[in-house]
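Here's the structure, in structure tokens; my notes come after.
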Amino acid sequence: MKQLVINGNKELKGEIKISGAKNSIVALIPAAILSDDKVSLYNVPNISDTKALLDILDLLNCEYKYDNEALEINTKKIKNKVIEEELSKKLRASYYFMGALLAKFKQVEIYFPGGCNIGSRPIDFHIKGFEKLGAEVTIDGNKYTFKAKKLKGANIYLDFASVGATINIMLAAVKAEGKTTISNAAKEPEIVNVATLLNSMGAKISGAGTSEIKIEGVNHLSAGVIDVIPDRIEAGTYIIAGALVGNKLRISGIIEEHVEALLSKLKEMGVKLECTGDSIVISKSKRYKPINIKTLVFPGFVTDLGQPVSVLLTQADGMSIFEETIFENRMGHVKYLQKMGANIRVNDRTAIIIGPAHLKGKEVVATDLRAGAAMVLAGLVAKGTTTINNIEHILRGYENIVEKLQNVGADIKIVEVE
Ligand code: UD1
């Protein structure tokens, strides 16, 4: 078993370069299998979620070469196979093979996806979308079978602007006959990244990044190429680290508009930020104003940064409120922040945080990916040693987190325990 051990309260100085976005690459790999040729992906993050999807490509007999952040996928020998539970449950995004295999082979057999336990996370919008496109769905326990004689474009309205459903329906519709419109589509940058790859392969998608996406089906998709966008959640996590313990900490390789909501809330607190092109330089201030944060769909404050930012709110002078509106269970980190000395009260999906708290290092648990990121941030600012368990959650989404933090002066390491 691996643990992360942090000796906290060390100043962070230097530069952290942001990797490719987890939530993009996990959709770009399934999107690539729609090609009948080679697809090249650059800036691919080396995280365990990427590896889990490459295992699915292995199962499907799909060839690929992954070297130094470049991934080349060649679909010539791909075969349709049942994606067993052992593979599907490794991550949430295995469900993108539903849309991709349905479009490619008109049949998919796959098990319910895994991912962070942050709420019930149903996939009913995905299923309704596939049905509208002409697929028949059979559910047997955790096993989902989708079959279609042919897929036909349709008008699909999403009850909620779901990222997963928007991408999955887009994947299923690119080769459907005729026009598909997704209304109330999600607008997250990762959706634009996927649509850009598909269009480079010959798809006809317009409106990605707005709430109405139009897809004109095509018969064939050929070679494609894409740069994975920078990970805005990883960037946000390190920006928050800068506000906690930074001394001119530079976060580079970002797209500023993707982290706009976070920056605007940090400025409201009084965080010193210097934005220059694709970099942001952050230094810790002595005092922060308390603020209220409510998570929303893009371009609102992203739900994945709610837990990390709540660590910063423990350092503000007075009462802050953090309200989570997307998932039911984003408060797994609170119990451990309390153990470290934070003054937090949770009422359903709202946390009332009273600062400033002098956090002390303790043994804690990463209950999910972003709760784990929150524990790392708490460990960086706390006095003494923080030991984090269940770190496989963190390694799913943060490339080289230990090396990146060590390089800027953090005392952090992974230890192997019985
Ligand atoms: C994706 C991201 C996740 C991020 C989230 C919101 C990936 C792999 N994960 O998750 O990091 O926090 O977007 O930005 O990209 N819902 C339904 N039925 C459905 C689908 C969704 O009720 O069929 C609900 C969910 O339970 C949730 C809300 O819609 O309450 C939003 O979920 P969604 O945007 O789909 O999140 P994910 O794609 O799972």
Side-chain angles (χ1 to χ4, degrees), residues 20-31 45 47-50 52-53 56 88-99 112-132 137 139 144 146 156-172 182 184-194 209 211 228-229 231-237 258-259 261-262 294-309 323-330 332 348-349 368-374 393-394 396-398:
K22 165 182 128 14
N23 286 352
S24 267
I25 190 64
V26 295
L28 291 167
I29 292 173
I47 49 176
S48 56
D49 269 12
T50 303
L53 291 174
I56 296 181
S88 73
K89 75 174 183 205
K90 277 195 182 158
L91 74 170
R92 187 85 199 148
S94 59
Y95 60 23
Y96 291 133
F97 280 100
M98 293 177 175
F112 196 78
C116 290
N117 183 17
I118 49 176
S120 60
R121 306 187 84 177
I123 57 167
D124 51 327
F125 305 157
H126 305 234
I127 293 172
K128 278 188 215 157
F130 298 151
E131 284 176 331
K132 276 235 160 178
V137 183
I139 304 171
Y144 287 69
F146 302 94
I156 298 167
Y157 168 79
L158 297 179
D159 291 338
F160 184 87
S162 150
V163 174
T166 301
I167 293 178
N168 231 344
I169 293 168
M170 203 162 78
L171 293 173
I182 309 175
N184 195 29
K187 296 183 278 200
E188 272 67 2
E190 293 76 15
I191 295 163
V192 181
N193 211 196
V194 176
S211 56
V228 182
I229 55 169
D231 195 310
R232 61 198 168 102
I233 318 295
E234 187 201 19
T237 305
H258 292 177
V259 287
L262 172 70
K294 187 173 178 170
T295 62
L296 291 167
V297 294
F298 190 81
F301 193 99
V302 61
T303 164
D304 302 65
L305 284 177
Q307 290 157 303
V309 85
E323 191 189 345
E324 165 61 32
T325 72
I326 313 289
F327 293 105
E328 301 93 320
N329 186 20
R330 278 273 197 208
D348 193 20
R349 297 194 198 181
D368 58 75
L369 169 57
R370 306 306 171 188
H393 285 301
I394 303 172
R396 277 189 39 225
Y398 288 85

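Values in this document were obtained by computation on a predicted structure and should not be read as measured data. Scope of the values below: all heavy atoms of this structure, side chains included, with no hydrogens, waters or symmetry mates. Start at 1 and go down the list; that is how both ligands and their atoms are numbered.
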Quick one: which of [options] has a heavy atom closest to [atom]?
atom: atom 34 (O) of ligand 1; options: I25, I118, D159, V163; answer: V163
atom: atom 18 (N) of ligand 1; options: D124, I233, V26; answer: D124
atom: atom 26 (O) of ligand 1; options: P122, P113, G119, G129; answer: P122

(Q) With heavy-atom distances below 4.5 Å as the criterion, would you say the side chains of V137 and E131 are in contact? (A)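 Yes, side chains in contact.
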**Q.** Test item: R92 and C116 side chains (from C-beta on) under 4.5 Å apart, heavy atoms
**A.**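 No - every pair of side-chain heavy atoms lies 4.5 Å or more apart.
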Can an N or O of [X] be found at a distance shorter than 3.5 Å from an N or O of ligand 1?
X: F160; value: no
X: R330; value: yes
X: E328; value: no
X: S162; value: yes
X: V302; value: no
X: A165; value: no

Enumerate the atoms of ligand 1 whose separation from the nearest heavy atom of [X] is less than 4.0 angstrom.
X: G164; value: 35 (O), 38 (O)
X: Y95; value: 37 (P), 38 (O), 39 (O)
X: D304; value: 3 (C), 4 (C), 11 (O), 12 (O)
X: I326; value: 27 (C), 28 (C), 30 (O), 31 (C)

Among all protein heavy atoms, pick the one closest to [atom] and tell me residue, atom and distance.
atom: atom 23 (O) of ligand 1; answer: F125 N, 2.8 Å
atom: atom 2 (C) of ligand 1; answer: N23 ND2, 3.4 Å
atom: atom 36 (O) of ligand 1; answer: F327 CZ, 3.6 Å
atom: atom 39 (O) of ligand 1; answer: R121 NH2, 3.0 Å
atom: atom 6 (C) of ligand 1; answer: T303 CG2, 3.7 Å

Q.
Please verify the inter-ring angle class for H258 with F298; under 30° counts as parallel, over 60° as perpendicular, anything in between as tilted.
A.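 Aromatic pair H258/F298 classed perpendicular.
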Q) Which class fits the ring pair F146 and Y144: parallel under 30°, tilted 30 to 60°, perpendicular over 60°? A)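 Because their plane-to-plane angle is under 30°, the rings of F146 and Y144 count as parallel.
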Q) What residues, two or more places apart in sequence or in another chain, satisfy side-chain hydrogen bond (donor to acceptor under 3.5 Å, both in side chains) together with Y398? A)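 Residues passing side-chain hydrogen bond (donor to acceptor under 3.5 Å, both in side chains) with Y398: T237, R370.
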Q) Taking heavy atoms and a distance under 4.0 Å, where does R92 meet ligand 1: side chain, backbone, both or neither? A)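 Just the side chain.
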Q. Which heavy-atom pair separates R349 from T325 by the least distance, and what is that distance?
A.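 Here R349 and T325 meet closest at NH1-O, 3.1 Å.
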(Q) Whether the D368 and H393 side chains hold a donor-acceptor pair (N or O, under 3.5 Å, no angle test) is what I'd like checked. (A)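 Short answer, no.
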Q. Does a donor on one side chain sit under 3.5 Å from an acceptor on the other, for T303 and R330?
A.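 There is such a pair between these side chains.
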Q | V163 and E190: CA distance, side-chain angles, deciding distance, side-chain contact (heavy atoms from CB on, under 4.5 Å) verdict | A | CA-CA 9 Å; V163 174; E190 293 76 15; 5.5 Å; no
Q: For K89, enumerate each residue passing the side-chain contact (heavy atoms from CB on, under 4.5 Å) test, keeping only those at least two apart in sequence or located in another chain.
A: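 Expected list: E85.
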Q.
Check this for me: does any side-chain nitrogen of one of D49 and R396 sit under 4.0 Å from a carboxylate oxygen of the other?
A.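 Salt bridge between D49 and R396, a charged N being under 4.0 Å from a carboxylate O: yes.
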Q. Does the pair K294/E324 count as a salt bridge with the N-to-O cut at 4.0 Å?
A.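 Salt bridge flag = no for E324 with K294.
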